[in-house]
Amino acid sequence: MKRYKYNFILSVLIFSVITFILPLYSQQYSIEQYLNIRGAVSPKYSFDDGKIYFLMNSTGTSQIWSVNKPGVDPVQVTDFKERITGYSPNPVKDIILAQSDEGGSEYSQFYLMNGSGSDVRMITDAAPKVIYGFGRWSEDGSYFTYYSNKRTPYFYDIYVYNLESGLSEMIFSSDHTNYPSVISNDGSKLVITRSYSTYDNDIYLYDMVTKQTELISTHDNFNEPAEFYAASFDAPGENLYFISNSKSDLFRVGIYNIKDRTVLYPDYEFLKNYRNREVSRLVFSDDKTKLIVQVNDEGYDRIFMYDLNTSKEINIPDKLKTLSITALSFSNKGSKVIIGVNSAANPSILYQWDYSAGKIDQVTEPYLGGIDPSTFIEPELISYISYDSLKIPAFIYKPKNTSGKKMPCIISIHGGPEGQATYGFAPIYQYLLSAGYVIVEPNVRGSTGYGKIFASMDNVRNRENSVRDIASLVDHLRTISYIDMDKIAVYGGSYGGYMVLACLTLYPQLFAAGIDVVGISNFVTFLQNTGDYRKNNRASEYGSLDNDREFLESISPLKKVNNITAPLMIIHGRNDPRVPVSEAEQMYDAIIANGGISELHIYEDEGHGISKQKNRLDIYPKIVKFLDKNVKDK
């Protein structure tokens, strides 16, 4: 009897210890569960507000879904073989314009269909390497604008597609990168955006009747480059609202008076606490009386609503003022707006807010794959001092239940370079956190969101200064007691992929492994082989082959491949039009020829990234296995 009691007590003790230890050293959920988490994005109302459309990946690719009222089960509208890259419902007819590319090529075609997704017909000709990009529907729904490089592969012209005739007409052409922007309520004026580089553009007012253009963003393009992005005309059509960093380091709201040709930058009282932050988005109600302003607060989102008739702020309910806003979309009639809310601990959820009635309805329910959301981890915003005393912001995620042990760390670098790591939900991060990895997302110099001076600090000859910011980050990580300095991996996609390669070649002693996704290995071959429509734009950021070839060769990781000592995983899509797959192949070949350790994974039906669910379910377990072998368990 005593022995039985002793064994029982011992069993209870062992069970209690195991129950306590398991959360510390094992994972409760599979990576497949995390990869199957999904939310709804890009909501839009149907012409009569009878449906709410959105994009969701429940079938392996992103497709259009709809609900006829908040809270009901969604209905699938499109069932394309490939992903939907964009869509726009007609404002007065039960018609949807959808865009879809093949194999991640980004050469999207236009499709028209009715509001239920039937009667689909392609209205573009699928010509090789021709870009089609949607602009806007006219207010009366009779036509839409778009841009295309079908005249010449290097530049974009502007076209109008007439819904009744089914014919396209080129309405504006120049040897520049032109985009159609907002259309006036009466259809008489179109705003055209002309891009010269990643940090300089102009906007023009185009008269749809006289075919004349007028520059409305006068500035010194060479000595004081600036960006301008039109948002909307006001209700009378007298003023154009836009955001710009002209004569300012930060983006702010601007108003152009069409009659007087004057520009005003209003100092809104409701933005007083964020005057040293960038305005990132303006969204107008259909009647142009309400305005939502979104502010980028160091990677967090802040939104404000303003009544243009009363010049007063409208308070947004706290439930909708989360720190990550995935969508803002007004109804065509009435007083409703859809707000997509997100967090590091929850994928995108769509809410409908009737701001007149004060009513909030949840439109969509996220799918969490059976994972308890309380296990998700929020990041902390930190900063560190780089080699030249520049302050660099970063998000850091720390696993739960660390119990004082040192942990491996992944430095994840965003693409762009004119991009930003922001607060939001990343399922693969949550899996890696559950596996015991610390994750750090720095916004090195060259990142957007902190002003144009900061964003320009890595241009051309300063390219490798951003890599030095990563080395300084590693120095900072030495001050964090729970990070194992012998187990640091670097991970990044696109420009972030270049940063991975640069880190491994310039600072090989700092990293245990690297993962390069669709990254640049040689700037010369990249600029030679990237899509023709991108070459001028990319040369402004990285340097030109005519003037900077020798320098570009000198900073290319491929030329320093002998320095790489850490294992490297390389991932690419065969159809990538931005960073050609040859960038991956030549890097892999050079590492293997040099006796290094590398894996190369090329997906034949992908482009600039891995978007199809079947491929994500294939590559991410391989990434985890690679990290565990070369970092965590080394």
Side-chain angles (χ1 to χ4, degrees), residues 177 179 181-182 191-204 215-234 239-257 262-284 291-306 308 313 321 323-328 381 391-393 414-424 443-459 537 540-541:
T177 303
Y179 300 96
S181 186
V182 297
V191 176
I192 294 174
T193 303
R194 177 178 293 174
S195 176
Y196 308 112
S197 68
T198 56
Y199 47 84
D200 187 56
N201 70 7
D202 274 315
I203 52 177
Y204 291 80
L215 176 66
I216 61 176
S217 57
T218 304
H219 69 290
D220 187 340
N221 299 79
F222 296 99
N223 298 311
E224 295 183 36
E227 298 172 71
F228 300 80
Y229 299 102
S232 177
F233 290 90
D234 62 7
N239 297 290
L240 174 70
Y241 283 74
F242 62 92
I243 61 172
S244 176
N245 57 9
S246 179
K247 298 180 175 61
S248 170
D249 186 43
L250 302 171
F251 280 102
R252 52 187 175 157
V253 180
I255 305 173
Y256 177 80
N257 184 274
T262 56
V263 175
L264 168 70
Y265 291 99
D267 187 16
Y268 293 116
E269 177 68 18
F270 63 87
L271 294 178
K272 65 181 180 180
N273 294 329
Y274 298 95
R275 286 172 181 147
N276 62 341
R277 298 290 187 260
E278 292 206 314
V279 173
S280 57
R281 179 160 47 163
L282 303 179
V283 181
F284 282 75
L291 166 65
I292 294 180
V293 180
Q294 183 170 322
V295 174
N296 182 340
D297 182 16
E298 294 191 306
Y300 295 108
D301 293 329
R302 314 284 182 181
I303 55 173
F304 307 87
M305 193 170 185
Y306 186 66
L308 293 165
E313 182 182 3
K321 295 173 70 172
L323 298 177
S324 179
I325 302 297
T326 61
L328 296 168
L381 179 62
K391 187 171 81 168
I392 305 295
H414 68 72
E418 54 287 331
Q420 183 185 24
T422 59
Y423 174 79
N443 280 310
V444 297
R445 69 191 69 205
S447 301
T448 53
Y450 308 95
K452 62 184 178 185
I453 294 174
F454 190 88
S456 66
M457 284 183 169
D458 68 340
N459 288 354
N537 184 280
S540 68
E541 171 72 36

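With R252 contributing its side chain and S246 its backbone, the two residues share a donor-acceptor pair below 3.5 Å. Judged purely by atom type and a 3.5 angstrom limit, D297 has no side-chain atom pairing as donor or acceptor with the backbone of R302. Side-chain atoms of T193 never come within 3.5 Å of backbone atoms of I203 as a donor-acceptor pair (strictly under, hydrogens ignored). With S248 contributing its side chain and N245 its backbone, the two residues share no donor-acceptor pair below 3.5 Å. Side-chain atoms of D202 never come within 3.5 Å of backbone atoms of R194 as a donor-acceptor pair (strictly under, hydrogens ignored). For D234 (side chain) and N239 (main-chain N/O), a donor-acceptor pair under 3.5 Å exists by modelled atom type.
In this structure, CZ in F228 is found 8.0 Å from CG in D200, a value given to the nearest 0.5 Å. Taking CD of E278 as the start and CG of N296 as the end, the distance is 6.5 Å to the nearest 0.5 Å. With values rounded to the nearest 0.5 angstrom, L328 atom CG is found 4.5 Å from R281 atom CZ. The distance from the OG atom of S232 to the CG atom of L291 is 9.0 Å, given to the nearest 0.5 Å. Note that CG of L381 and OG1 of T422 are 11.5 Å apart. Values are rounded to the nearest 0.5 Å. Distance CD/E298 to OH/Y450: 6.5 Å, rounded to 0.5 Å.
Just one residue in the list N459, V444, D458, T448 forms a side chain to side chain contact (heavy atoms under 4.5 Å, CB included) with P417, and that residue is D458.
Within the 4.5 Å cutoff, no side-chain heavy atoms of V253 are placed close to those of Y306.
For the pair K452 and P225, the tightest heavy-atom approach, listed with the atom from each and the gap, is NZ-O, 3.2 Å. The heavy-atom pair separating R275 from L250 by the smallest distance is O-CD1, 3.9 Å. In plain terms, the two heavy atoms of Y256 and F242 that are nearest each other are N-CE2, 3.7 Å. When every heavy atom of N276 is checked against every heavy atom of N273, the shortest pair comes out as OD1-O, 4.3 Å. Between I292 and I303, the shortest heavy-atom distance links the atoms CG2-CB, 4.3 Å. A pairwise comparison of heavy atoms in V182 and A230 identifies CG2-CB, 4.0 Å as the closest pair.
Residues passing the ring-ring contact (aromatic ring centres under 6.0 Å, His included) test with Y274, sequence neighbours excluded: F304. K272 pairs by the salt bridge (Lys or Arg N to Asp or Glu O under 4.0 Å) definition with E269, not counting sequence neighbours.
Salt bridge annotation for K247-E224: absent, with no cationic side-chain nitrogen under 4.0 angstrom from a carboxylate oxygen.
Counting heavy-atom neighbours within 6.0 Å of L264 CG, excluding the residue itself, gives a total above 12.
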- Message: Using the rule given for side-chain contact (heavy atoms from CB on, under 4.5 Å), can you reason through F454 versus S447, listing the C-alpha separation, both sets of side-chain angles and the distance that settles it, and then say yes or no?
- Response: CA-CA 7 Å; F454 190 88; S447 301; 4.1 Å; yes

- Stepwise side-chain contact (heavy atoms from CB on, under 4.5 Å) test for V293 and L282: CA-CA 5 Å; V293 180; L282 303 179; 3.8 Å; yes

- Verdict with reasoning, Y179 to N201, per side-chain contact (heavy atoms from CB on, under 4.5 Å): CA-CA 11 Å; Y179 300 96; N201 70 7; over 6 Å; no

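Judged by distance alone, the side chains of N257 and T262 never bring a donor and an acceptor atom under 3.5 Å apart. Between the side chains of Y268 and E313, no donor-acceptor pair of N or O atoms lies under 3.5 Å. A donor and an acceptor atom, one from each side chain of Y196 and N221, are nowhere located under 3.5 Å apart.
Aromatic ring orientation, Y300 versus Y423: tilted (interplanar angle from 30° to 60°).
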